[in-house]
Asker: 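Please see the structure below; I have some questions.
Side chains are part of it too, since the values below use all heavy atoms of this structure and drop only hydrogens, waters and symmetry mates. Residue numbers begin at 1 in each chain, while the letters A, B, ... track the order of the sequences.
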Amino acid sequence: MAKPSKSISPFRLASLLRLQKDPNLALHLFLNPNPNPNKPFRYSLLSYDLIITKLGRAKMFDEMDQILQQLKTETRFNPDEIIFCNIITFYGRARLPDRALRIFNQIPSFRCQRTIKSFNTLLNALLSCREFGKMREVFVGLDRCVAPDACSYNVLIRAGCLMNDLGSAREVFDEMQKRGVRPDAVTFGTLISGLCAGGKLDEAFKLKEDMERGFRVRPDGFVYASLIKGLCKVNDLSLAFKLKDEMLERRVELDSAVFSTLISALFKAGRKGDVVGVLKEMKENGCKPDAVTYNAMIYGYCQEKDFNSAFGVLSEMEKRRCKPDVVCYNVIIGGFCRVGKFREATELFEDMPRRKCAPDVVTYRTLFSGLCDGMQFQDAALILDEMVFKDYSPSAASIVKFVDELCQAGNLKLLLTILNSLAKGNLIDSVTWRRVIPMFQQLLIFKFRHSVKVDLTLHKGAPKMAEQLPSSASSSWTESDFTPFDMKLLRGYGGFWMAAYTGRLRTAVSLAFFVLLICCKSPSSEARVLLSKEKEVPSMEDSLILSALPKGTTPRSSPSHKGHAMATINERLYVLPIPHADRVLSSVPSPGGGH
DNA sequence: GTAGGGTTAG
């Protein structure tokens with residue numbers, strides 16, 4: 001007879017959670033710890049910690065929130081601040097600054113005291129999101145309650161470095177000293193790395209001197225690695241190697257970062273023969289090559305088109321139990337693309353899931369721009385659609401190149417396909433629009449006439465504009481294409497009013513082109529598209545139309561612009577209604593009134 | 001697991 005299944009202990013749940021790699025299964029385990037749902041389960045804090053970390057790493061934020069709500073009601077223990085620090089970091093990595101701020105503000109409601117640690121974690125998460133303005137706000141707020149520590153300033157210094165504003169990084173450095181906070185090794189490591197990245201090697205070395213002599217802080221591996229990289233960048237390998245020797249002499253712990261930099265530099269200098277020596281020295285110093293080290297070699301071989309050796313390194317990694325990471329595949333895929341081996345590149349890309357490595361945004365960008373460069377348009381279009389679906393965006397340059405090539409080849413069909421893909425991700429900027437507009441002008445004039453013809457019949461006494469247009473459509477759009485009545489209809493108050501009815505236009509894409517066409521042709525005017533109330537506008541079309549706006553334009557919240565999106569074209573502001581019929585109708589211009 | 005370095009694309 002089967003025993004009635006027994007409830008597991010809280011301790012057992014924690015160890016099961018620890019072992020479960022799949023976050024979904026872990027969640028299921030957490031939610032169903034015992035067979036009797038009526039019997040409340042006494043979760044341990046450790047179980048909460050484990051499940052939250054797993055869900056956060058997997059970016060399963062809604063599920064994580066659900067667990068947090070449950071944690072809030074537990075009164076048997078008070079969660080540690082570190083749990084919240086982790087959550088804030090997850091949101092930072094996922095570029096969700098508002099959620100990071102929200103959980104930070106909620107910490108006290110979990111019966112947990114906030115300290116400078118969660119403040120700093122929040123600062124750093126906002127930095128990951130490049131929310132410099134919000135960082136300032138948080139820092140000012142922090143300053144009022146708690147004294148910022150070295151870590152707080154270090155995050156600000158890093159922000160300055162990332163903004164390429166070494167001046168402000170220096171200012172923060174001075175400010176922290178004024179406030180009596182001692183700079184530490186991280187402070188100097190951050191500043192020196194920023195200086196090296198900015199090519200200011202002399203200043204970087206001067207700062208290394210200062211940190212030792214003036215501040216009595218010992219340079220660590222981070223400082224050395226930055227300096228060595230800086231030297232390699234200017235091809236001063238002999239000094240780079242001397243610095244490495246200085247580390248050995250001064251017993252600064254040598255790690256794989258330093259060796260990886262040197263190996264990469266040797267390949268770039270055409271001295272791959274010397275790499276063996278470096279690997280030997282690594283071994284002698286008890287330093288194991290990691291993925292970065294191997295990747296530096298793979299990159300070197302790919303640059304030489306020696307794919308056999310590159311794959312040799314790959315199998316060496318597997319033999320040494322060093323799991324090839326996404327960079328490894330990106331490097332090889334990029335190498336294949338550069339030499340026109342598109343089939344090999346695509347095959348490796350498609351093999352990545354089997355090799356248990358998820359392609360990232362760089363993988364897609366590499367393959368996409370590689371295929372574009374190699375004129376593999378059909379395949380590029382497929383990759384593009386897939387990447388947009390994954391919420392990744394290609395580089396602006398490769399979009400422009402792709403569009404240009406398709407225009408030149410007169411491949412309208414594929415052009416429309418990829419514009420649709422791009423529109424799904426709101427990835428069409430004004431540069432792209434300008435490129436494609438000439439392509440579609442002919443088509444547009446036709447569609448425009450068609451729609452206006454029907455449209456104007458709704459107005460009493462409207463002349464049939466389409467019939468008065470020359471039958472061979474001109475490629476440029478001028479006022480002479482319109483009759484006086486049309487002009488009266490089209491002209492607003494110093495603006496350019498246009499009434500078009502979505503129902504008459506075949507696709508939202510052509511409508512979007514149409515709007516942009518008017519904007520570009522009469523940059524001094526305001527373009528407005530009005531949509532009919534009777535016709536339901538499908539949401540896909542809404543998004544297509546909105547995506548036609550140059551990137552970065554967001555609907556304003558002020559009442560006068562409610563329901564409108566702002567667009568800037570040729571440095572002028574245009575107001576375009578968001579096409580939801582009910583809102584739009586109320587904004588039909590009336591003669592004599594308006595804006 | 002509060003903060004900094006090293007490999008890839010553009």
Asker: Is A:Lys208 paired with A:Glu246 through a side-chain N to carboxylate O contact shorter than 4.0 Å?
Answerer: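 Counted as a salt bridge, because a side-chain N and a carboxylate O are separated by less than 4.0 Å.
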Asker: Tell me which one of A:Ile87, A:Asn86, A:Ile82, A:Asp80 satisfies side-chain contact (heavy atoms from CB on, under 4.5 Å) with A:Phe84.
Answerer: A:Ile87
Asker: Which ones in residues 319-343 of chain A lie close to DNA chain B, meaning a heavy atom under 4.0 Å from one of its atoms?
Answerer: A:Val327, A:Asn330, A:Val331
Asker: Is the A:Tyr299 to A:Phe267 ring centre distance short of 6.0 Å?
Answerer: no
Asker: Could you check whether any side-chain heavy atom of A:Lys200 comes within less than 4.5 Å of a side-chain heavy atom of A:Phe205, counting everything from C-beta outward?
Answerer: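 No, their side chains stay 4.5 Å or more apart.
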Asker: Could you tell me whether A:Glu212 and A:Arg216 make a salt bridge, using a distance below 4.0 angstrom between a side-chain N and a carboxylate O?
Answerer: no
Asker: Heavy atoms only, 4.0 Å cut-off, all strands: where does A:Ala185 land among base, sugar-phosphate and nothing?
Answerer: base
Asker: Enumerate the residues from residues 113-122 of chain A whose closest heavy atom to DNA chain B is under 4.0 Å, giving them by residue number; use none for an empty result.
Answerer: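 Close to the strand are A:Lys117, A:Asn120, A:Thr121.
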Asker: Could you tell me whether A:Tyr153 and A:Phe139 have their ring centroids closer than 6.0 angstrom?
Answerer: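 Yes, the ring centres sit under 6.0 Å apart.
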Asker: Which part of the nucleic acid, if any, lies within contact of A:Lys268, taking any heavy atom under 4.0 Å across all strands shown: a base, the sugar-phosphate backbone alone, or nothing?
Answerer: sugar-phosphate
Asker: Ion pair present between A:Lys244 and A:Glu281, side-chain N to carboxylate O less than 4.0 angstrom?
Answerer: yes
Asker: Tell me, which of residues 190-203 of chain A have any heavy atom that sits under 4.0 Å from an atom in DNA chain B?
Answerer: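 Listed by number, they are A:Thr190, A:Ser193.
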Asker: Would a distance-only check, ignoring hydrogens and angles, find a side-chain to backbone donor-acceptor pair under 3.5 Å from A:Arg130 to A:Leu127?
Answerer: yes
Asker: Could you tell me if the ring centre of A:Phe222 sits under 6.0 Å from that of A:Phe188?
Answerer: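 No; A:Phe188 has its ring centre 6.0 Å or more from that of A:Phe222.
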Asker: Mind checking A:Ser398 for me? I need base, sugar-phosphate or nothing, with any heavy atom below 4.0 Å counting as a touch.
Answerer: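 Touches nothing.
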Asker: Could you tell me if A:Arg57 sits above the aromatic ring of A:Phe90, with its cationic atom closer than 6.0 Å to the ring centre and no more than 45 degrees from the axis?
Answerer: no
Asker: Show me, pair by pair, the donor-acceptor contacts under 3.5 angstrom made by side chains of residues 167-174 of chain A, not counting sequence neighbours?
Answerer:
from: A:Ser168; atom 1: OG; to: A:Asp165; atom 2: O; distance (Å): 3.2

Asker: If you look at every strand shown and take non-hydrogen atoms under 4.0 Å, does A:Asn124 touch a base, only sugar-phosphate, or nothing?
Answerer: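 Sugar-phosphate contact only - A:Asn124 comes under 4.0 Å of backbone atoms but never of a base.
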Asker: Among residues 361-391 of chain A, which residues get a heavy atom nearer than 4.0 Å to DNA chain B?
Answerer: A:Val362, A:Thr366
Asker: Hey, is A:Asp373 close enough to A:Arg338 for a salt bridge, meaning N to O under 4.0 Å?
Answerer: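 No.
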Asker: Could you check whether A:Phe377 and A:Phe402 have their ring centres less than 6.0 Å apart?
Answerer: yes
Asker: Under 6.0 Å between ring centres: does that hold for A:Phe311 and A:Tyr301?
Answerer: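 Not under 6.0 Å, so no.
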Asker: Does the side chain of A:Tyr48 come within less than 4.5 Å of A:Gln70's, by heavy atoms?
Answerer: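 A side-chain contact under 4.5 Å exists here.
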Asker: Anything under 4.0 Å to a heavy atom of chain A counts; send over the first and last such nucleotide of DNA chain B, read 5' to 3'.
Answerer: B:dG1 to B:dG10
Asker: Could you give the distance separating B:dG5 and B:dG1 at their P atoms, to the nearest angstrom?
Answerer: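 Comparing P positions in B:dG1 and B:dG5 gives a spacing of 14 Å.
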